[in-house]
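Everything on this sheet refers to the single structure shown next.
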4 protein chains.
Amino acid sequence: MLVIESLEQKYAQTLENSNLSLKQRQVLLSSLKLFAEIGFENTTASLIAKEAGVSEGTVFSYFKTKEGILEAILSTFLEQVIPDVIADFSKKKFTANQETFSVFLRSIVRDRLVFIQENQMQVKILLSRSFIDNAISNQLGNVIVHSIISPISPILNQFKEKGLIRNWTNERIVRYILALSLSYVLPMMLNDNEELGIDEAVNEIVECLSFALVEVE
Amino acid sequence: MLVIESLEQKYAQTLENSNLSLKQRQVLLSSLKLFAEIGFENTTASLIAKEAGVSEGTVFSYFKTKEGILEAILSTFLEQVIPDVIADFSKKKFTANQETFSVFLRSIVRDRLVFIQENQMQVKILLSRSFIDNAISNQLGNVIVHSIISPISPILNQFKEKGLIRNWTNERIVRYILALSLSYVLPMMLNDNEELGIDEAVNEIVECLSFALVEVE
Amino acid sequence: MLVIESLEQKYAQTLENSNLSLKQRQVLLSSLKLFAEIGFENTTASLIAKEAGVSEGTVFSYFKTKEGILEAILSTFLEQVIPDVIADFSKKKFTANQETFSVFLRSIVRDRLVFIQENQMQVKILLSRSFIDNAISNQLGNVIVHSIISPISPILNQFKEKGLIRNWTNERIVRYILALSLSYVLPMMLNDNEELGIDEAVNEIVECLSFALVEVE
Amino acid sequence: MLVIESLEQKYAQTLENSNLSLKQRQVLLSSLKLFAEIGFENTTASLIAKEAGVSEGTVFSYFKTKEGILEAILSTFLEQVIPDVIADFSKKKFTANQETFSVFLRSIVRDRLVFIQENQMQVKILLSRSFIDNAISNQLGNVIVHSIISPISPILNQFKEKGLIRNWTNERIVRYILALSLSYVLPMMLNDNEELGIDEAVNEIVECLSFALVEVE
DNA sequence: GATGAATGAGCATTCATTCAT
DNA sequence: TATGAATGAATGCTCATTCAT
């Protein structure tokens, strides 16, 4: 049971369900790639056209402006792709019964670390756009809060009820999981030197979070 | 004795020690402001000229290209301004003797949180540029590693020697301090809703880090 | 028995006698409307298609170019529609016997004034195109000379033979009728303020032309 | 005492009093020429640049848009050039004493006919734009009413007081003078065949207007 | 050094026209 | 015949950069 975890594949799938033509989908996928690689402002219509193998006219024949292409990509991401991926994630059904908190933590941290690394391109766009476009940063905030926190909440609550972890709000706990994960992944993404392997990163994150979160009796 | 640590003021001071003319310094300061406010790509020579109160020709009379202006700003920042600020920070001489680790933690976390908030603009440029410009992200990485870690290292080492905190590398500890701090500051910077005040943020960060770092005997 | 002399209706009727398909006729009628409303240059193929309820391809499936559509419309107008309208006008059979010259004048001036007002749109195209397209202005000149003058000539000749009006060429007389009529209608068409009603305009025009044309014994 | 009557020369003079550079003035003069010759929409930035002997950038360096260039030209015309010419015209001091009405009429009709013919280009733009741009047609209307009627009014009033011409409003009288003049000039401007010389035209117009306007006792 | 008019390559975008279905 | 996605040349406009003064 191979679960597709690449946002690009997921995005391509999502587009297949749209009424967009093959070439239009190519435009979106190529734009996504270029926006991520060289930034929105440095991506020219002619580059998109070349990358997508279409004419320049086609680039604007559906989404009327470059801004429109970006919005289409990001809104699809925020409204469909990411929630879909979250849904898949939820189905993995981590439970508080089967495992200790550390094991649970290890599984979701590794899960998310791999996910972020596999989707560097998209994460890059979303984060870098957040610095410029307030609407994006707000929407991204919402997605994180509502789509990432909710599936983990039941399990966290179970751990909390059993007195195994601190009674912090789930939002706070997720914030720390995310913050520590990003503190390892972002440098890997942005810098040339990958100092750390993913396994080592997971170990360190889980160790830290365990100390921070696990209630000592 | 409140020391305002504005990177912009610090930058202006640093420029005064250069051999640049007043107008050239104005160009750099105005460019910094505009790059931060509307982004590098959206900043035009004419905007810089207007903001600096000089002619368009002057904008390019010393630093031949726009890219050159950015490089000049960032290199001065990374090579002089930030190290200077770090030096100031070091002089505050937090010691392991005087205080418990939590108190020490609280003081530096609050210190950095305030610093980041006061220099939102510059932090924004550095971070957002890091997503596009590899040179910047590498240099930023270096600055953080070498200039932030070094001044704290002696104190951390003292706490470690006393067995008060875990024997993790200083780099790792600083990574966590930074990651958690940013996890509170960035949302405040980017989103419309400021969910949390700085005091509450400091409390939560210190609480978490204390649990994570403090060695329980 | 009020006969509405809409050039548009007349054009639609004329097209029905052509071998063009319904959709092609729709294209021509919609083009006419748009050319008149927003000008030839500002009328896009997509606008015509939308207005006509056909696809963009259909717009060019018969008349290969946009220029071709305009030519088709204008030539039909100049060769068929306007002569037809003139013929209708002739049938009204104004005669020199039944009435004084002033009454005759009043009837045709009112007739033409109403006609121009009812067909503002088409008149606008023809006139404004004349400023750019030499072929149009020549053709329009011919139509006016040959098709407007001819039906009135017999009556004018009768008045002249009876010594009731000056012995000027019919071309000259028609020129004055047209010039004065347009001097009232065009400002009404182009300016916001309609200074004058049609009745008052007719009175003034007839008064002036009577003084100018009627032979005093 | 040669009175400069060409609107183009007058316009060039007016521009010299502006703070525009030589190249900017060239842009305006070339635009004027092209707008008149091939129409606003068919005039491209590259054509203007070539005609003016400047780069394409220069075309937009002062008046930011093509529309802006047109507005600049037309407003200068309507607000400065035409009123200036009118002022010159007024100085010619036609009087009711020295001459019969026909002689007076002949002098101003010839005057205006020559003027219109010499400035075909500008008249063409103003008239053809009036069909599209409501603001222009209104402004043109105002100019005619206030700037053409006023200088002639005193003389017309003198003639009226002496009972030599009909007691029509000056506006009405000027309307007829203009309408008949245009009825001869426009066909000459727009059509290839110049049927009539200017002298013959003047004769016919004056003859008609005399009959229409001169009071018979 | 400073100026700012001028440059021209480059960009996003439009739109008449084509053509496979 | 009709369609409408695709084309690509052309357009208005921008802007980093130059250079004569």
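Naming convention: chains lettered A, B, ... in sequence-line order (proteins, then strands); numbering from 1 in each chain.
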*asked:* Using salt bridge (Lys or Arg N to Asp or Glu O under 4.0 Å), reason through B/Glu71 and B/Lys64 one step at a time and then give a plain yes or no.
replied: CA-CA 11 Å; B/Glu71 275 166 31; B/Lys64 301 302 178 197; over 6 Å; no
*Phosphate contact (F/dG8 OP1 or OP2) by A/Ser55 side-chain N/O below 4.0 Å*: no
_Quick check: on DNA chain F, is the nucleotide nearest C/Ser21 upstream (toward 5') of the one nearest A/Val59, or the reverse? Name the residue that is more 5'._
C/Ser21
_When you compare the side chains of C/Ser61 and C/Thr58, does any donor N or O come within less than 3.5 Å of an acceptor on the partner?_
no
*More 5' along DNA chain E: B/Tyr62 or D/Val54, using each one's nearest nucleotide?*
B/Tyr62
*With pairs defined as Watson-Crick or G-U wobble and both distances under 3.5 angstrom, please note down DNA chain E as a dot-bracket string, | for pairing with another strand.*
.||||||||||||||||||||
*Does anything in residues 23-39 of chain B reach DNA chain E, meaning a heavy atom under 4.0 Å, and if so which residues?*
B/Lys23, B/Gln24
_Exercise: identify the closest heavy-atom pair between A/Lys23 and A/Gly53_ = NZ-O, 4.2 Å
_Under a 3.5 Å cutoff, is there a donor and acceptor pairing between the side chains of B/Asn119 and B/Glu8?_
no
*Starting at CD of C/Glu79, measure out to OG1 of C/Thr14 and round the result to the nearest 0.5 Å.*
11.5 Å
*Which value, rounded to the nearest 0.5 Å, describes the distance between B/Leu140 atom CG and B/Leu127 atom CG?*
6.5 Å
*Answer yes or no: is there a side-chain heavy-atom contact under 4.5 Å between C/Leu126 and C/Val123?*
no
*asked:* Expressed as a whole number of angstroms, how long is the span from C/Lys50:NZ to E/dC15:P?
replied: 11 Å
_Lys NZ or Arg CZ of B/Lys66 over B/Phe40 ring: under 6.0 Å, within 45°_ = yes
*At their closest point, which heavy atom of C/Ile69 faces which heavy atom of C/Phe63, and how far apart are they?*
CG1-CB, 3.8 Å
*Report, as a single string ordered 5' to 3', how protein heavy atoms within less than 4.0 Å touch nucleotides 12-21 of chain F: B base, S sugar-phosphate only, - not at all.*
SBBSSBB---
*asked:* Using salt bridge (Lys or Arg N to Asp or Glu O under 4.0 Å), reason through B/Glu16 and B/Arg25 one step at a time and then give a plain yes or no.
replied: CA-CA 8 Å; B/Glu16 277 171 30; B/Arg25 276 179 271 154; 5.1 Å; no
